[in-house]
Amino acid sequence: MAARWWRASLITRLVDMLRQGRAIAGARADFVTVLLGTWFAAGLFLDAWAHSNLTDLESFFTPWHAVFYSGFSATGAWICWLIYRNYQRGRRGLQAVPVGYGPAVVALPVFAVMGALDFTWHSTIGIETDIEIVFSPTHLGLVSAMMVIMATPLRTAWLNRATDRPTFPALLSLALCASLVLLFLPYASAATYNSELIVRIYTFIKGQSTNVVGKLSASILITNLVMLAPLLYAARRWRLPFGTATLLQVVLMSLTTAVTEYTTMSTAAAFVVAGVVTDVLLLKLRPSEERVTQFRLFGFLTPLVTWYLYFASAIIATGRFPSVTEMWTGAPLVAAFAGLLLAVVMVPGRR
């Protein structure tokens with residue numbers, strides 16, 4: 001125990017030493033950063049839509065690539081300007097890099113290199129138009145660097161010890177990063193299923209192949225973790241304001257429905273309503289590391305509400321119930337227990 005405390009204390013002192021004399025970007029700068037990050041993310045989702053829906057792509061130079069890479073260029077130029085502004089004020093070396101912006105400075109050239117490799121990849125192998133899009137090594141490199149850049153406002157707020165409230169740029173940054181994760185899991189995203197498909201999949205004859213049923217069930221579990229983890233993560237650090245979960249769902253659904261050409265609107269509406277209910281749970285339970293029971297209860301109840309609303313939306317939209325009652329009544333319970341387990345892993349005990 002003493003050794004663990006000593007290591008934690010040493011790490012804290014090293015972080016404080018690195019932060020000493022560092023510039024703070026400020027709320028306005030973080031707001032601009034997250035707005036440019038939104039442009040950046042929108043470009044990626046537009047490019048993903050093109051790859052998924054336009055099967056005759058033959059060139060790297062497309063309008064959606066222009067939106068995507070111009071978003072990167074604008075974000076990179078803005079971060080460089082912040083550093084240059086601090087340099088003009090007399091700060092040198094790491095002191096010129098605003099707090100929380102260091103990883104983004106590293107990720108910018110990494111993204112540029114991966115972009116060049118992506119051009120070479122497409123020129124050699126061709127343009128992907130199916131699930132191989134999200135397994136392309138260059139695409140994985142691009143999105144990894146992109147997430148580091150877009151998480152910048154989240155990092156600056158996390159390192160601000162003067163407040164227990166997150167900033168709007170931090171919450172939007174968190175939501176955008178979650179949307180990138182979900183974008184690269186199209187084969188395991190329950191948000192891409194429309195109401196008709198949800199009801200039809202859980203209406204099956206016993207004895208037939210259950211591969212499709214299993215895929216939707218697994219997608220519910222994975223999507224559940226992608227949606228819940230950011231909320232539990234943020235609740236460990238801050239007292240989250242009302243609207244946090246709704247913002248997360250609005251960002252996730254706005255980008256996801258765009259990729260599916262707006263064929264999943266009823267499903268998206270269910271997630272947004274679930275976000276409002278989740279905000280009520282946040283308000284009433286106030287989950288945190290100090291309130292372990294409430295933290296775990298939040299991890300259990302949020303998926304339960306979300307996925308029952310998911311199936312309720314499909315039932316209302318189609319006017320019929322899935323024939324296999326065990327599936328649509330049990331899947332939300334499985335997701336709820338998975339959420340509870342995630343909450344226990346994140347906060348094993350009272351801080």
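In this structure, L281 and P287 have side chains that are not in contact, with every pair of non-hydrogen atoms separated by 4.5 Å or more. Using a 4.5 Å cut-off on side-chain heavy atoms (C-beta onward), L182 and L252 make contact. Looking only at side-chain heavy atoms (C-beta outward), V199 and T203 come within less than 4.5 Å of each other. Using a 4.5 Å heavy-atom cutoff, the side chains of S195 and S266 are in contact. Residues L248 and L174 fail the side-chain proximity criterion, which asks for heavy atoms closer than 4.5 Å. Counting heavy atoms from C-beta outward, N224 and T306 have side chains that stay 4.5 Å or more apart. Side-chain contact check for V32 versus R28: every heavy-atom pair is 4.5 Å or farther apart.
The distance from atom CZ of F321 to atom CD1 of I315, rounded to the nearest 0.5 Å, is 4.5 Å. To the nearest 0.5 Å, atom CG of residue L36 and atom CE of residue M150 are 11.0 Å apart. Note that CH2 of W328 is 9.0 Å distant from CZ of F311, once rounded to the nearest 0.5 Å. Atom-to-atom distance recorded for L282:CG and L231:CG is 6.5 Å, nearest 0.5 angstrom. One finds the CZ atom of R291 at 4.0 Å from the CZ atom of R286 (value rounded to the nearest 0.5 Å). Rounding to the nearest 0.5 angstrom, the gap separating the NZ atom in K284 from the CD atom in Q294 is 14.0 Å.
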Please assess R236 against L232 for the test side chain to side chain contact (heavy atoms under 4.5 Å, CB included), listing each intermediate value before the final yes or no. CA-CA 6 Å; R236 292 178 57 199; L232 291 176; 5.8 Å; no
Yes or no on ring pair (Phe, Tyr, Trp, His ring centres under 6.0 Å) for F271 and W307, after CA distance, side-chain angles and deciding distance? CA-CA 8 Å; F271 282 122; W307 296 105; 5.4 Å; yes
Would you sort out whether F31 and T167 count as a side chain to side chain contact (heavy atoms under 4.5 Å, CB included), showing the intermediate values? CA-CA 9 Å; F31 188 73; T167 61; over 6 Å; no
Derivation and outcome, ring pair (Phe, Tyr, Trp, His ring centres under 6.0 Å), residues Y310 and Y193: CA-CA 10 Å; Y310 177 81; Y193 289 76; 7.8 Å; no
With side chain to side chain contact (heavy atoms under 4.5 Å, CB included) as the criterion, how do L255 and L183 come out once you've worked through the C-alpha distance, each side chain's angles and the decisive distance to 0.1 Å? CA-CA 8 Å; L255 298 175; L183 173 66; over 6 Å; no
Chi angles and distances behind the side chain to side chain contact (heavy atoms under 4.5 Å, CB included) call for L225, L221: CA-CA 6 Å; L225 296 179; L221 271 178; 5.9 Å; no
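The main-chain N or O of V251 is never found under 3.5 Å from a side-chain atom of S254 such that the two would form a donor-acceptor pair. T223 places no side-chain N or O within donor-acceptor distance of the main-chain N or O of I220, the cut-off being under 3.5 Å. Side-chain atoms of S179 come within 3.5 Å of backbone atoms of L176 as a donor-acceptor pair (strictly under, hydrogens ignored). No side-chain donor-acceptor contact under 3.5 Å links T264 to the backbone of T192.
Hydrophobic cluster membership is shared by I198 and Y187, with clusters built from Ile, Leu, Val, Met, Phe, Trp and Tyr side chains linked at under 4.5 angstrom. Cluster membership check: L142 shares its hydrophobic cluster with V181, using side-chain heavy-atom separations under 4.5 Å among Ile, Leu, Val, Met, Phe, Trp and Tyr. Hydrophobic clustering of Ile, Leu, Val, Met, Phe, Trp and Tyr side chains at less than 4.5 Å, counting indirect connections, unites V324 with V212. F298 is not connected to V280 by any chain of hydrophobic side-chain contacts under 4.5 Å among Ile, Leu, Val, Met, Phe, Trp and Tyr, and they are in different clusters. In terms of hydrophobic clustering, with Ile, Leu, Val, Met, Phe, Trp and Tyr side chains grouped at heavy-atom distances under 4.5 Å, F242 and V305 are assigned to different clusters.
Shown here for D164 and R237, the closest heavy-atom pair between the two residues is CA-NH1, 4.3 Å. In this structure, V34 and P169 approach most closely via the heavy-atom pair CG2-O, 3.5 Å. Closest non-hydrogen pair, R239 versus P166, comes out as O-CD, 3.8 Å. Residues L140 and V143 come closest through the heavy atom pair O-CG1, 3.4 Å. A pairwise comparison of heavy atoms in A157 and A170 identifies CB-CB, 3.5 Å as the closest pair. When all heavy atoms of M346 and F295 are compared, the closest pair comes out as CB-CE2, 4.2 Å.
Between the side chains of Y101 and N86, no donor N or O sits under 3.5 Å from an acceptor N or O. For the residue pair S217/Y202, the side-chain donor-acceptor check at 3.5 Å is satisfied. Between the side chains of T152 and R155, a donor-acceptor pair is found at a separation under 3.5 Å. Using a 3.5 Å distance cut-off with no hydrogens or angles, the side chains of D279 and T246 do pair a donor with an acceptor.
Shown here are the ring pair (Phe, Tyr, Trp, His ring centres under 6.0 Å) partners of W238, two or more places apart in sequence or in another chain: W158.
When each of W78, F68, Y69 is tested with F40 by the rule ring-ring contact (aromatic ring centres under 6.0 Å, His included), just one qualifies, namely F68.
In summary, R320 and E196 engage in a salt bridge, as defined by a charged side-chain N under 4.0 Å from a carboxylate O.
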